[in-house]
Every structure is written in structure tokens, then in C-alpha cells.
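A short worksheet on the structure shown next.
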Amino acid sequence: MNRHFDSPLNFLVKAFFCIAASFLLTAAVVAQQTGGGNNSGRSSGGTGASHSIRGKIFLPSGGLPEQRIRVVLEVASGGIAAEAFSDSVGNFEFRSLANGSYRISVPSDNQTYETTQEAVEIFSNFARTVTVQIYLREKNADPASKPNNKLISAADLQDIPKAAKKAYEQGAKLARENKPQDASAKLQEALKIFPDYLYALNKLGEQYSTLNQWADARATFERAVFVNPKFALPYINLGILFVQQKQYSDAIPLLENGNRQDDSYPMGHLNLGLALMSKAPPEFDRAEKELLRALEMGKKEMVYVRKYLFNLHVRQQAMGKAVEQLEAYLREAPDAKDAPEIQQMLNKVKKTTGQQATAPKPQ
């Protein structure tokens with residue numbers, strides 16, 4: 001028996017596991033990179049949320065442009081979602097966006113500045129407006145000076161035949177509409193034309209995961225890794241698949257590799273944290289850092305990570321920290337469906353540890 005649970009708090013730990021289990025995300029969710037079809041942990045389509053992205057472009061000199069500049073909005077897994085032109089002082093806006101991960105790209109003018117990209121993730125049941133600033137990099141400047149250089153992955157550099165790209169975009173659209181069977185057929189069509197199409201392989205693996213075809217999902221993600229081991233997403237998706245199957249030791253190196261290559265996916269950090277705290281023996285300190293990183297990146301959209309942190313601290317018998325996580329959850333998500341249940345648990349923990357049971361103060 002695990003001695004972490006040989007205490008009067010045993011019933012709290014078991015009860016919390018029941019609550020937290022519903023939040024364990026599937027491999028399909030990871031791909032916040034799907035542009036609204038998940039992500040993560042992320043299907044987010046169908047929430048009805050209609051988001052906006054507002055931005056401002058700055059020239060390499062730090063000044064504002066004096067002419068309109070083309071701006072392209074891409075889903076992070078590939079494909080163009082929309083295009084626009086900034087106004088004469090660099091302002092631009094995209095509206096009516098679904099949940100998902102996006103990439104804002106300002107193509108090079110081939111004279112004064114390089115192509116510049118910025119990643120944006122929007123996951124919320126409520127309409128949000130995200131504000132970004134795009135700082136253009138001087139053409140022929142040192143690539144290392146580009147802040148978001150890592151966002152251009154191996155998959156972005158592939159020369160894709162037009163027919164394959166068209167089939168992929170159709171498949172990605174079907175995936176966002178939560179039609180994994182139809183999406184799989186289109187993605188397979190793209191791969192018949194271009195077998196090494198990294199985004200298509202990754203997206204097909206996600207559809208297999210959604211359909212609970214685990215062996216096919218694993219083989220497809222592994223194929224993407226074989227095609228180019230410098231593409232982060234298949235590592236992260238494969239790691240999440242292993243977390244779902246409780247193969248934590250197998251998941252950890254995959255998630256670590258994916259996060260090293262692209263640190264911008266909260267689900268990569270979340271699932272690494274879950275694997276580290278769930279393996280035998282657990283690595284609680286490392287797990288806490290990863291969970292906090294996911295929470296920092298996802299902010300209120302990932303407030304549920306605080307439940308995992310509560311779980312972790314209970315297992316450490318650090319009840320003061322455990323209480324803080326539940327209190328923070330109730331402050332940040334007062335209208336959550338499980339808020340009454342979490343409040344009851346908070347009261348039980350405080351009663352058991354001799355703390356005063358009080359309702360959270362409003363923000």
C-alpha cells in the first residue's frame with residue numbers, strides 16, 4: 001500500500017481522483033494545434049464561442065508602418081484561416097474565430113523585413129479578444145534574433161504538392177467539425193499524394209485517437225517522427241497517447257523531446273506533469289514545475305490544472321499548498337459546474353487539518 005494514503009486524508013485523495021479523472025485529456029485533445037478542432041486537449045469546436053484577434057505591427061526600427069501590410073492567419077497545424085491587411089499604422093483584426101491554436105504570419109516584403117510569425121491560442125467557452133504585437137525582423141538579420149523562430153517547424157518547410165495540400169485542408173476542416181471518419185479519409189488521400197506530409201500524418205494520428213484506434217494512432221505518429229525527428233507535435237501527441245494508456249515511463253521522454261523542440265504547447269507540459277506524478281516512483285517536484293508551466297501558459301482556460309496540483313500536494317502531505325490550489329480554483333472559476341463540489345472538498349480538507357472553513361473571497 002502506498003503510505004502517502006495511510007492517513008485521515010485517504011478519503012479525500014480517493015474522492016479527488018474521481019473528480020480529476022474526468023479531466024484527463026486524450027491524445028486528440030493535445031493538438032491545440034488543430035485550429036479549433038480540439039487541443040489539446042484540446043474537441044473545442046462546438047462551444048459556440050466567437051473570438052477575435054487584434055494586433056499591431058512594428059517595423060524593425062521600432063516605428064509604425066506607413067503603408068498597409070498583408071497579414072495571414074493560419075491554423076497552427078497548417079492551412080490558411082483568413083487574410084487581412086493592416087491599416088496605415090499597423091493595426092489589424094481577425095473576427096469570428098473558433099477555439100484553437102493559430103499562427104499569425106506577416107510575409108516578407110523581400111526588401112526590408114523577413115517573414116515574421118506569432119502563435120496565438122484561444123480556448124474558452126466565452127468570446128475573447130486576444131491582443132498581439134508583431135515585431136518585424138530586418139531582412140538578412142541574424143536568424144537567432146528572431147523571437148519566434150522556433151514556431152517555424154520542420155513541417156512548415158515542406159514543399160507540399162497543391163493536390164495534397166487541398167486534400168489536407170479539407171481533412172483539417174472535417175476534423176474541426178468533429179467528423180473524424182470523414183477527416184481520416186481526406187487525410188489519407190493527401191498522404192497518397194505525398195506520403196511524407198508531416199501535418200497530414202500528425203492530423204491523421206489525432207483522428208485515429210479520436211476514434212479510439214490506438215494502434216493506428218501510434219503507428220501514424222511514429223511514422224511522422226521517422227519522417228522528420230525535428231517535428232514536435234507527433235512527440236507530444238504520442239506522449240499523450242501513452243499517458244492515456246498509463247504507460248508513463250514511455251510517455252515522459254517523448255513529451256520532454258516535444259517540449260524541447262517547441263515549448264509553446266501547454267498540453268505538452270500538462271501531460272508531462274501528469275506522467276511525472278503518476279509514474280513509480282513519482283517525481284513530484286518536476287511534475288509541479290510542469291503543471292505550473294501549463295497553468296501559466298493556459299491561464300484561466302486551464303484553471304482545471306489546479307485540481308491536479310491539489311492532488312499532487314495531497315500526495316505530498318503538503319495540505320497548506322493543497323488548500324491554496326482549491327481556493328485559487330474557486331477564485332478563478334467561481335461559476336464552474338463543479339464549484340459547489342470543490343467548495344465541499346475544500347471545507348472537508350480544512351476541517352480535517354484544523355483550518356477554518358470559509359467561502360472564497362470574490363476577486
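Only heavy atoms go into these numbers, but all of them, side chains included; no hydrogens, no water, no symmetry mates.
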query: Using a distance-only test with no angle check, is there a side-chain donor-acceptor pair under 3.5 angstrom linking Q170 and K186?
result: yes
Could you tell me whether a side-chain N or O of [X] sits under 3.5 Å from a main-chain N or O of [Y], the two making a donor and an acceptor?
X	Y	result
H51	R128	yes
N202	L198	no
S105	Q117	no
N311	R315	no

message: If you apply the rule side-chain hydrogen bond (donor to acceptor under 3.5 Å, both in side chains), what do you find for Y329 with D338, and how did you get there?
response: CA-CA 10 Å; Y329 177 82; D338 64 350; 2.6 Å; yes
field: N-O pairing of D196 and R223 below 4.0 Å
entry: yes
query: Does E169 come within less than 4.0 Å of K173, counting only side-chain N to carboxylate O?
result: no
message: Are Y235 and F221 an aromatic pair, judged by ring center distance below 6.0 Å?
response: no
message: I'd like to know whether the aromatic ring centres of Y168 and Y197 sit less than 6.0 Å apart in this structure.
response: yes
message: Hydrophobic clusters here meaning ILVMFWY residues chained together by side-chain heavy-atom distances under 4.5 Å, can you tell me if L233 and M297 are in one?
response: no
- line: The reported gap from CD in Q343 to NZ in K348 (rounded to nearest 0.5 angstrom) is 12.0 Å
field: Evaluation steps, side-chain hydrogen bond (donor to acceptor under 3.5 Å, both in side chains), between E206 and Y208
entry: CA-CA 5 Å; E206 292 171 11; Y208 284 145; over 6 Å; no
message: Tell me whether the count of non-hydrogen atoms from other residues, nucleotides or ligands lying under 6.0 Å of NZ in K56 goes above 12.
response: yes
- prompt: Does any non-hydrogen side-chain atom of D263 lie less than 4.5 Å from one of H269?
  reply: yes
